[in-house]
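To find a chain, count down the sequence lines: A is the first, B the second, and so on, and within it residues start at 1. Scope of the values below: all heavy atoms of this structure, side chains included, with no hydrogens, waters or symmetry mates. Bear in mind the structure is a predicted one, so any value in this text is a computation, not a measurement.
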Protein chains: 2
Amino acid sequence: MKLIEREVVTALRRHGYKLTPQRRLVIQTVVSTQNHLTPIALYERVHQVYPNIGLVTIYRTLEILAKLKLICEVHAGGSCGSYLLKRPLEHHHHLICSECGAVVDFTGCDLSQLEQRLSLETGFEINDHLLEFIGLCQACQKEAT
Amino acid sequence: MKLIEREVVTALRRHGYKLTPQRRLVIQTVVSTQNHLTPIALYERVHQVYPNIGLVTIYRTLEILAKLKLICEVHAGGSCGSYLLKRPLEHHHHLICSECGAVVDFTGCDLSQLEQRLSLETGFEINDHLLEFIGLCQACQKEAT
DNA sequence: TATATAAATGATAATATTTTTCATTTAGAA
DNA sequence: TTCTAAATGAAAAATATTATCATTTATATA
């Protein structure tokens with residue numbers, strides 16, 4: 001089992017959730033893809049290994065993983081409602097390929113200065129932000145030629 | 001008619017779309033709110049003035065306005081599928097109140113340096129980005145006390 | 001290891017959202 | 001004013017998500 005998979009499993013159990021074969025499979029599938037997946041895409045993959053699984057179980061598992069902040073939702077390029085493993089641990093953002101859905105994480109974007117400026121200018125109490133870049137990954141650039 | 005409303009109307013006609021009373025009302029409604037609106041919220045408002053309008057017309061009008069880039073979609077804080085007038089003209093971003101849905105536009109965030117860095121590091125060809133801040137507007141902060 | 005129990009599952013139905021279809025109406029050009 | 005392509009609204013269809021509930025199962029504990 002991958003280290004990161006074990007971390008997810010551990011987090012689940014620490015919060016009192018049972019580790020069923022279905023959940024294990026969903027986690028394995030999410031861990032082993034770099035792409036963002038919709039619940040249905042995830043279902044299709046898991047279904048091939050475990051044909052008896054219900055789509056509801058996917059939704060429920062995603063809900064738990066989201067609550068525990070083990071996955072992130074992506075939005076850019078019409079991808080709302082797609083999820084992606086949150087490769088721990090720090091605050092990070094995503095660079096998304098509009099063609100194949102591959103996601104690269106990045107850190108080191110300091111928005112705090114901007115945040116402070118906006119707070120001052122608008123009086124908002126800023127709690128969170130959403131930053132995504134969208135483009136073509138190297139592989140998809142080559143294919144496009 | 002507000003200046004900005006006229007601009008939207010003009011853009012519609014320039015692209016060969018007819019200006020129906022329904023479309024005019026949808027536009028008026030979008031122009032006159034600072035909040036982001038779901039198709040259904042928009043429908044409810046327009047419906048009060050024009051009870052005969054169909055929800056489909058809302059969807060179709062939003063589709064056109066989005067295609068002409070006259071409105072923006074917002075995402076942060078579970079607001080996917082909500083729209084907002086694109087107050088012209090420059091590239092800008094949004095600061096969204098999670099309580100009341102009010103949106104404040106801001107410019108002057110230069111991501112191009114970061115974009116360049118990411119391009120170099122990852123080989124991505126970056127085409128677009130999504131940046132939103134979410135928080136509480138002044139009014140909602142006061143109410144919360 | 002066997003048992004008890006609360007939690008999880010999957011089938012089904014219910015809800016919600018968005019799109020399609022199509023007959024009728026209408027904006028705007030001629 | 002007339003004509004025609006475009007737009008509308010009603011209805012149905014397609015999608016996506018959530019709720020209900022009887023059955024099964026993971027796991028704590030005897």
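A distance of 10.0 Å separates OG1 in B/Thr29 from CD in B/Gln48, rounded to the nearest 0.5 Å.
Regarding B/Arg60, its CZ atom lies at a distance of 6 Å from the P atom of D/dT8, rounded to whole Å. Atom-to-atom, CG of B/Leu12 to P of D/dA6 comes out at 15 Å; the value is rounded to the nearest Å.
Take A/Asn52 and apply the side-chain hydrogen bond (donor to acceptor under 3.5 Å, both in side chains) test, not counting sequence neighbours, and it matches no residue. B/Asp105 pairs by the side-chain hydrogen bond (donor to acceptor under 3.5 Å, both in side chains) definition with B/Arg87, B/His92, B/His94, not counting sequence neighbours.
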Any chance you could lay out the side chain to side chain contact (heavy atoms under 4.5 Å, CB included) test for B/Leu25 and B/Ile53, step after step, and finish with the verdict? CA-CA 10 Å; B/Leu25 247 159; B/Ile53 201 169; 5.7 Å; no
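Side chain of B/Ser82 to main chain of B/Ser79: a donor-acceptor pair is present (N/O by atom type, distance under 3.5 Å, no hydrogens or angles). A/Glu5 places no side-chain N or O within donor-acceptor distance of the main-chain N or O of A/Gln28, the cut-off being under 3.5 Å. The main-chain N or O of B/Val30 is never found under 3.5 Å from a side-chain atom of B/Thr33 such that the two would form a donor-acceptor pair.
Within the structure, the salt bridge (charged side-chain N to carboxylate O under 4.0 Å, His left out) test picks out the following pairs touching residues 106-122 of chain A (sequence neighbours left out): A/Arg117-A/Glu121.
Contacts between residues 17-27 of chain B and DNA chain D, defined by a heavy-atom separation below 4.0 Å, involve B/Tyr17, B/Lys18, B/Thr20, B/Gln22, B/Arg23, listed by number. In the region residues 43-54 of chain B, proximity to DNA chain D at under 4.0 angstrom, judged on heavy atoms, holds for B/Tyr50, B/Asn52, B/Ile53, B/Gly54.
In this model, no donor atom of one side chain and acceptor atom of the other lie less than 3.5 Å apart for B/His129 and A/His93.
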Protein and nucleotides 16-19 of chain C: nitrogen or oxygen contacts under 3.5 angstrom:
{"unit_1": "C/dT18", "atom_1": "OP2", "unit_2": "B/Tyr59", "atom_2": "OH", "d": "2.4"}
{"unit_1": "C/dT18", "atom_1": "O5'", "unit_2": "B/Tyr59", "atom_2": "OH", "d": "3.3"}

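Counting all heavy atoms, side chain and backbone alike, B/Ile58 lies closest to B/Pro39 at CG2-O, 3.6 Å.
The phosphate of D/dT27 has OP1 or OP2 within less than 4.0 Å of a side-chain N or O from A/Arg13.
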